[in-house]
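Order of the sequence lines sets the chain letters (A, B, ...), proteins ahead of strands, with each chain counted from 1.
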Number of protein chains: 2
Amino acid sequence: MDNLNVLDIFKALSNETRLNILRWLREPEKNFPAQQAHLPKEVSIEGGVCVGDIQEKVNLSQSTVSHYLSLMQKAGLLEAVRYGQWTYYRRNEETLAKITKFINEEI
Amino acid sequence: MDNLNVLDIFKALSNETRLNILRWLREPEKNFPAQQAHLPKEVSIEGGVCVGDIQEKVNLSQSTVSHYLSLMQKAGLLEAVRYGQWTYYRRNEETLAKITKFINEEI
DNA sequence: ATCTTATATCGAATTAATTCGATATGTCAA
DNA sequence: TTGACATATCGAATTAATTCGATATAAGAT
């Protein structure tokens, strides 16, 4: 249980906005409009939402949101997929599962 | 899921010392010497360790440790039982169980 | 009553997180 | 190749967390 940095994960989770982003990304269709409107039909980034859509919902500056997403990615909570000029972020379920396990077994 | 303040919990967990305290309190007998030496035989605070013992292990100032324990208690991660001049802190398993549930079901 | 010991609280210094606007980078379209 | 748009990074201001030593409180022992 050491490829996951628990402290960084908990830090990332201890902010309301970041927690919300994670929750919203559980159901992107429900929480974000215009799903993947920039992607051609044949491309699909399952569960991914671009920074702009997240920023609009979050209502913080573009730089702050970008920074937050990057933090969450470094913590392993999100993964980023770039398509053209867009970056799509989606949940990294593997890490989420690992934290649960970690809390249960080690904390 | 609203009597638990998730943000305060994650904040409390995002510090190495505090995380360690929680882990050590899983097995107090193993991690702290002189278990409940101040208590008379007929009194037992199941799983509880007094501030002094925790402070010794943590190696931070008395005031810092006291502050940390209080933070964790307010977050619901620990509960405090006072006996005489000593305060015994022990894990609050209920909250721990709730966070796991929260992560699984809501995050 | 006084002294000691355990813990809590206060005030302050230092370090880290939050958040922004400005700017840089990278990509697509004309 | 220039312009427009999406995102990332930088530098700085503000706010919050960390941590300490000093002091307060509370209980037990003399």
Side-chain angles (χ1 to χ4, degrees), chain A residues 5 7-21 25 32-40 43 45 48-75 77-90, chain B residues 5 7-21 25 32-40 43 45 48-75 77-90:
Chain A
N5 188 339
L7 288 181
D8 284 349
I9 292 175
F10 286 135
K11 255 176 228 173
L13 293 175
S14 58
N15 172 288
E16 179 135 50
T17 300
R18 293 190 296 257
L19 205 55
N20 280 334
I21 292 173
L25 286 176
F32 300 95
Q35 270 318 292
Q36 310 198 356
H38 325 295
L39 295 182
V43 179
I45 296 162
V49 175
C50 72
V51 180
D53 284 359
I54 297 173
Q55 197 231 317
E56 207 161 310
K57 175 125 185 165
V58 150
N59 215 28
L60 284 172
S61 77
Q62 189 271 320
S63 58
T64 299
V65 175
S66 177
H67 180 217
Y68 278 8
L69 293 170
S70 157
L71 279 183
M72 294 170 83
Q73 196 215 324
K74 275 170 196 147
L77 290 168
L78 297 181
E79 53 187 353
V81 180
R82 197 161 235 271
Y83 181 86
Q85 46 193 151
W86 293 276
T87 307
Y88 286 84
Y89 283 93
R90 65 178 161 201
Chain B
N5 187 339
L7 287 180
D8 285 348
I9 291 174
F10 285 136
K11 255 176 227 173
L13 293 175
S14 58
N15 172 287
E16 179 136 50
T17 299
R18 293 190 296 257
L19 205 55
N20 280 335
I21 292 174
L25 286 176
F32 301 95
Q35 270 318 291
Q36 311 197 355
H38 325 296
L39 294 181
V43 180
I45 296 162
V49 175
C50 71
V51 180
D53 285 359
I54 298 173
Q55 197 231 317
E56 206 162 310
K57 175 124 184 164
V58 149
N59 215 27
L60 285 171
S61 76
Q62 188 272 321
S63 57
T64 299
V65 175
S66 176
H67 180 218
Y68 278 8
L69 292 171
S70 157
L71 280 182
M72 294 170 84
Q73 197 215 322
K74 277 170 194 146
L77 290 168
L78 297 182
E79 52 186 354
V81 180
R82 196 162 235 272
Y83 181 86
Q85 45 193 154
W86 293 274
T87 306
Y88 286 84
Y89 283 93
R90 65 177 161 201

Would you say a side-chain N or O of A/Thr87 is under 4.0 Å from OP1 or OP2 of D/dA8? yes
Taking every non-hydrogen atom, the tightest pair across B/Gln73 and B/Glu79: CG-CA, 4.3 Å
Report yes or no: does B/Arg82 contribute a side-chain atom to a donor-acceptor pair with the main-chain N or O of B/Thr87 at less than 3.5 Å? no
Atom CD of B/Glu56 and atom P of C/dA6 are separated, to the nearest Å, by 10 Å
Heavy-atom closest pair (A/Val65 atom, A/Leu60 atom, distance to 0.1 Å) is CG2-O, 3.9 Å
So, is A/Tyr89 near the phosphate of D/dA6, with a side-chain N or O under 4.0 Å from OP1 or OP2? no
With nearest nucleotide decided by heavy atoms, which residue, A/Val65 or A/Lys11, maps closer to the 5′ end of DNA chain C? A/Lys11
Which whole-number value in Å describes the distance from B/Gln73 CD to C/dT7 C1'? 13 Å
Protein-nucleotide distance (A/Gln55, atom CD; C/dG21, atom P), rounded to Å: 11 Å
Take the angle between the ring planes of A/Phe10 and B/Phe10 and call it parallel below 30°, perpendicular above 60°, tilted in between. parallel
Side chains of A/Ser63 and A/Ser66: any donor to acceptor distance under 3.5 Å? no
In whole angstroms, how far is the C1' atom of D/dT7 from the CG atom of A/Asp53? 13 Å
Which whole-number value in Å describes the distance from A/Trp86 CH2 to C/dT27 P? 12 Å
Rounded interatomic separation in angstrom, taking CG from A/Leu60 and C1' from C/dG21: 14 Å
Whether the side chain of A/Gln62 and the base of D/dA8 hold a donor-acceptor pair under 3.5 Å is what I'd like checked. yes
Quick one: A/Met72 CE to D/dA8 P, roughly how many Å, whole number? 14 Å
Residue B/Ser66, side-chain atoms from C-beta onward, closest of C/dA17, C/dT7, D/dT18: C/dT7
Check whether any side-chain nitrogen or oxygen of A/Thr64 sits under 4.0 Å from OP1 or OP2 of C/dT18, and answer yes or no. no
Any donor-acceptor pair under 3.5 Å joining the side chain of A/Ser63 to the base of C/dG21? yes
Measuring to OP1 and OP2 of C/dA17, would you say a side-chain N or O of A/Asn15 lies under 4.0 angstrom away? no
Just to confirm, is there a sub-4.0 Å distance from OP1 or OP2 of C/dA8 to any side-chain nitrogen or oxygen of B/Arg82? no
I want to confirm an ordering. Mapping A/Gln85 and A/Leu71 to their closest nucleotides on DNA chain C, which one lands closer to the 5' end? A/Leu71
Expressed as a whole number of angstroms, how long is the span from A/His67:NE2 to C/dC20:C1'? 12 Å
